[in-house]
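See below for the structure under consideration.
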Amino acid sequence: MSQLLSDSETSFLGGIFHESITDGRVGAQVFVTRDEIFAIPTSLDETLNSQSSQRFSIPLSKVQLDMGGASGRMIFCRNEDRSLTIFCEDKRFPKELDHKSGRLLGERLATLKARSRKEDNRLLFWSGVTLILFLAVCVGGYYGLMASARAAVAALPVSIDERIGKMAMQSMAFEDRLPREHVANQLVQQIVEQLKPHASIPEMNFEVTVVNSEQVNAMALPGGQMIVYTGLIKKAENAEQLAGVIAHEMSHATLRHGIQQISQSLGIVAAIQLMVGDVGGLVALGSQIAQESVLTSYSRAAETEADLEGARMLHAAQIDPTSMSSFFSKLKHEDGDIPGVISWLSTHPQHEDRIVAITEYTKSLPSTQYKSLNLDFKSAQEALR
C-alpha cells in the first residue's frame with residue numbers, strides 16, 4: 001500500500017458509489033497510479049492498515065469515463081460492468097489521469113470536455129431565447145403576452161389538461177359521492193357515453209363524479225373531469241334537459257376553457273413557462289387554481305361558446321338541442337335572473353340571452369330526426385327522493 005501511495009504522489013477528495021457501501025455512497029481519498037485508479041473511504045480509521053481492507057480500484061486500461069454532476073465538471077470513473085464508480089471534482093484530477101495514463105485517457109477527457117462545453121452553450125442559447133421571449137412579451141405588453149400564452153396553450157397536448165384535472169379532483173373533498181352502481185350515477189354515465197362520440201375531442205377520457213347535494217350545479221375541470229350534483233338531476237324535467245347541461249360542461253373540457261383560464265390566471269410566469277415548454281409548474285399551480293376559481297370564472301364568451309358547442313353535440317347525437325334552452329326557460333320562470341339563486345347559472349350569461357343564442361344556432365343546423373333518450377330518468381329521480 002505504501003508503494004502505491006508513493007507512486008500516486010497526490011490524493012484527491014472524491015467519493016465512491018458501490019453496493020457494498022451503506023447507502024451506496026461514501027466520501028473517499030482518490031489516488032491515481034500508472035496502472036489504476038483507487039479510492040479509500042474517508043469515513044474509516046485513519047490508519048492505512050484498517051483502510052486497506054476497504055480499497056476500491058479500477059485498472060486505467062479498462063476505466064470508463066463520464067462527466068457531469070451539479071457543476072458539470074465532476075469526473076466519474078467506472079469499471080466495465082459499472083458496478084463501481086469513483087468520482088472526483090478536483091480541477092487537477094483530469095490532468096493527473098492524463099499524465100499517469102501516459103496520455104491514454106487524454107483524448108477521452110477532451111471529448112468529455114467538448115461535450116460539456118456544447119451543453120453549456122446549448123443552455124446559454126436557450127437562456128438567451130428565454131430572455132428574448134421575455135423581453136418581447138414585455139415590449140408587446142399585456143395583450144401580446146396573452147396572445148403568446150394562448151398560442152402556447154393551443155400547442156400543449158390534451159394530456160396536460162388531464163393531468164391538471166385529475167390533480168385538482170384528487171384535492172377536492174366531497175362528503176357524499178354517489179356509488180357507481182346508484183341509478184342516478186348510471187343515468188349520468190349513460191348520457192356521457194351517448195354524447196362522447198360527438199365531442200370535438202372524442203378520445204378525451206370523461207370522468208363524472210355525482211355528488212349528493214341540493215345544489216343545482218354541474219362543473220367541469222380541465223381534461224374531462226366533471227362534477228354533477230343531484231340537485232340538478234332533481235330539477236330537470238327529463239333526461240334531455242339533463243343532457244343539455246352535461247353537454248355544456250363537456251364542451252368546456254373539449255374547448256379547453258379550463259387550461260386557457262388557468263394560463264390567464266397565472267399571468268406572466270405561466271406564459272413564459274408555456275413558451276419555453278416548462279409545464280411542470282403549470283400542472284401543479286394549475287390544479288390548485290382549477291379547484292379554487294376556474295369552476296365558476298369562465299367568461300361570458302366562453303359560456304356562450306360552450307352553449308353552442310353543447311347544442312352541436314346534442315344535435316349530432318340526435319338529441320333536441322332546444323332541451324338545453326327549455327331548461328334555462330324553466331329556471332328563468334321559477335327563479336328569475338337573480339345571481340346566486342341557481343348555483344350553476346350564478347356567473348353564466350343571463351337566461352334570456354342564452355335561450356336566444358341557442359335557438360338561433362339550432363335553426364342553422366341541418367335538419368334531422370331527434371329521438372328521445374331511452375333512459376330511466378324517473379327511476380333516478382325517485383331514487384334521489
Side-chain angles (χ1 to χ4, degrees), residues 1-127 130 163 167 273 276-281 283-285:
M1 173 64 73
S2 59
Q3 177 59 39
L4 286 173
L5 293 180
S6 175
D7 182 39
S8 64
E9 297 178 357
T10 306
S11 68
F12 305 91
L13 285 176
I16 304 165
F17 288 118
H18 194 265
E19 63 181 7
S20 67
I21 299 170
T22 304
D23 297 328
R25 172 177 175 162
V26 70
Q29 289 286 335
V30 180
F31 303 87
V32 184
T33 73
R34 291 182 176 83
D35 300 314
E36 64 180 359
I37 303 164
F38 70 93
I40 301 172
T42 56
S43 60
L44 300 177
D45 294 338
E46 294 296 329
T47 63
L48 292 178
N49 288 336
S50 64
Q51 292 176 343
S52 62
S53 63
Q54 290 292 325
R55 180 177 176 278
F56 297 84
S57 66
I58 304 171
L60 279 181
S61 61
K62 296 183 179 180
V63 69
Q64 298 179 11
L65 298 178
D66 282 314
M67 180 179 288
S71 67
R73 295 290 183 271
M74 184 173 286
I75 302 295
F76 297 92
C77 305
R78 297 186 171 93
N79 60 359
E80 286 185 297
D81 63 5
R82 303 176 77 85
S83 62
L84 169 62
T85 299
I86 298 172
F87 58 90
C88 180
E89 199 171 13
D90 194 303
K91 294 180 179 178
R92 302 167 298 157
F93 187 61
K95 187 178 293 185
E96 185 75 0
L97 282 174
D98 185 30
H99 171 66
K100 288 295 174 63
S101 68
R103 310 303 177 188
L104 177 67
L105 300 179
E107 185 175 344
R108 275 187 273 174
L109 288 166
T111 300
L112 289 174
K113 289 179 180 179
R115 186 188 304 164
S116 178
R117 283 195 297 270
K118 185 177 180 180
E119 291 295 328
D120 288 345
N121 291 337
R122 183 180 301 169
L123 178 61
L124 182 61
F125 170 77
W126 284 111
S127 297
T130 302
R163 287 169 59 189
M167 285 184 64
Q273 284 181 317
V276 300
D278 178 12
V279 298
V283 170
L285 293 172

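Just so it is clear, the values below take in all heavy atoms, side chains as well, and ignore hydrogens, waters and symmetry mates.
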Task: CD on Glu80 to CD1 on Ile58, rounded to 0.5 Å - done: 10.5 Å
TODO: Quick one: closest heavy-atom pair of Val63 and Cys77, and the distance?
DONE: CG2-CB, 3.6 Å
- [ ] Return the orientation label for the Phe17 and Phe76 ring planes: parallel under 30°, perpendicular over 60°, tilted otherwise.
- [x] parallel
TODO: Taking only Lys NZ, Arg NE, NH1 and NH2, and the carboxylate oxygens of Asp or Glu, determine whether Glu96 and Arg92 approach each other closer than 4.0 Å.
DONE: no
TODO: Can you see which heavy atom on Pro94 is nearest to which on Ile75, and at what distance?
DONE: CG-CG1, 4.0 Å
- [ ] Looking only at non-hydrogen atoms, find the nearest pair between Glu36 and Ser57 and report the distance.
- [x] OE1-CB, 3.3 Å
TODO: State which residues pass side-chain hydrogen bond (donor to acceptor under 3.5 Å, both in side chains) with Ser101; sequence neighbours excluded, sorted by chain then number.
DONE: none
Open item on the list: As an exercise, state the distance from CD of Gln29 to OG1 of Thr42, rounded to the nearest 0.5 Å.
Closed with: 7.0 Å
Open item on the list: For Phe31, run the ring-ring contact (aromatic ring centres under 6.0 Å, His included) check against Phe93, Phe38, Phe12, Phe56 and tell me which one passes.
Closed with: Phe38
Open item on the list: Restricting to non-hydrogen atoms, name the atom on Pro41 and the atom on Val26 that form the minimum distance, rounded to 0.1 Å.
Closed with: CB-CG1, 4.0 Å
Open item on the list: Does any part of the side chain of Leu60, heavy atoms only, come nearer than 4.5 Å to the side chain of Ile37, both counted from C-beta?
Closed with: yes
Task: Reported CG-to-NZ distance for the pair Leu109 and Lys113, which is rounded to 0.5 angstrom - done: 6.5 Å
Task: Spatial distance of atom CD1 (Ile21) from atom CG (Leu84) [nearest 0.5 Å] - done: 8.0 Å
TODO: Measure the CD-CG distance between Glu89 and Leu13 for me, rounded to the nearest 0.5 Å.
DONE: 11.0 Å
Task: Results of side-chain hydrogen bond (donor to acceptor under 3.5 Å, both in side chains) for Asn79 - residues two or more places apart only - done: Asp81, Ser83
TODO: State, with a plain yes or no, whether a side-chain heavy atom of Asp98 is found less than 4.5 Å away from one of Arg103.
DONE: yes
Task: Residues which pass side-chain hydrogen bond (donor to acceptor under 3.5 Å, both in side chains) with Gln64, listed by chain and number, not counting sequence neighbours - done: Arg82
Open item on the list: Rounded to the nearest 0.5 Å, what separates atom CZ in Arg73 from atom CG in Leu112?
Closed with: 11.0 Å
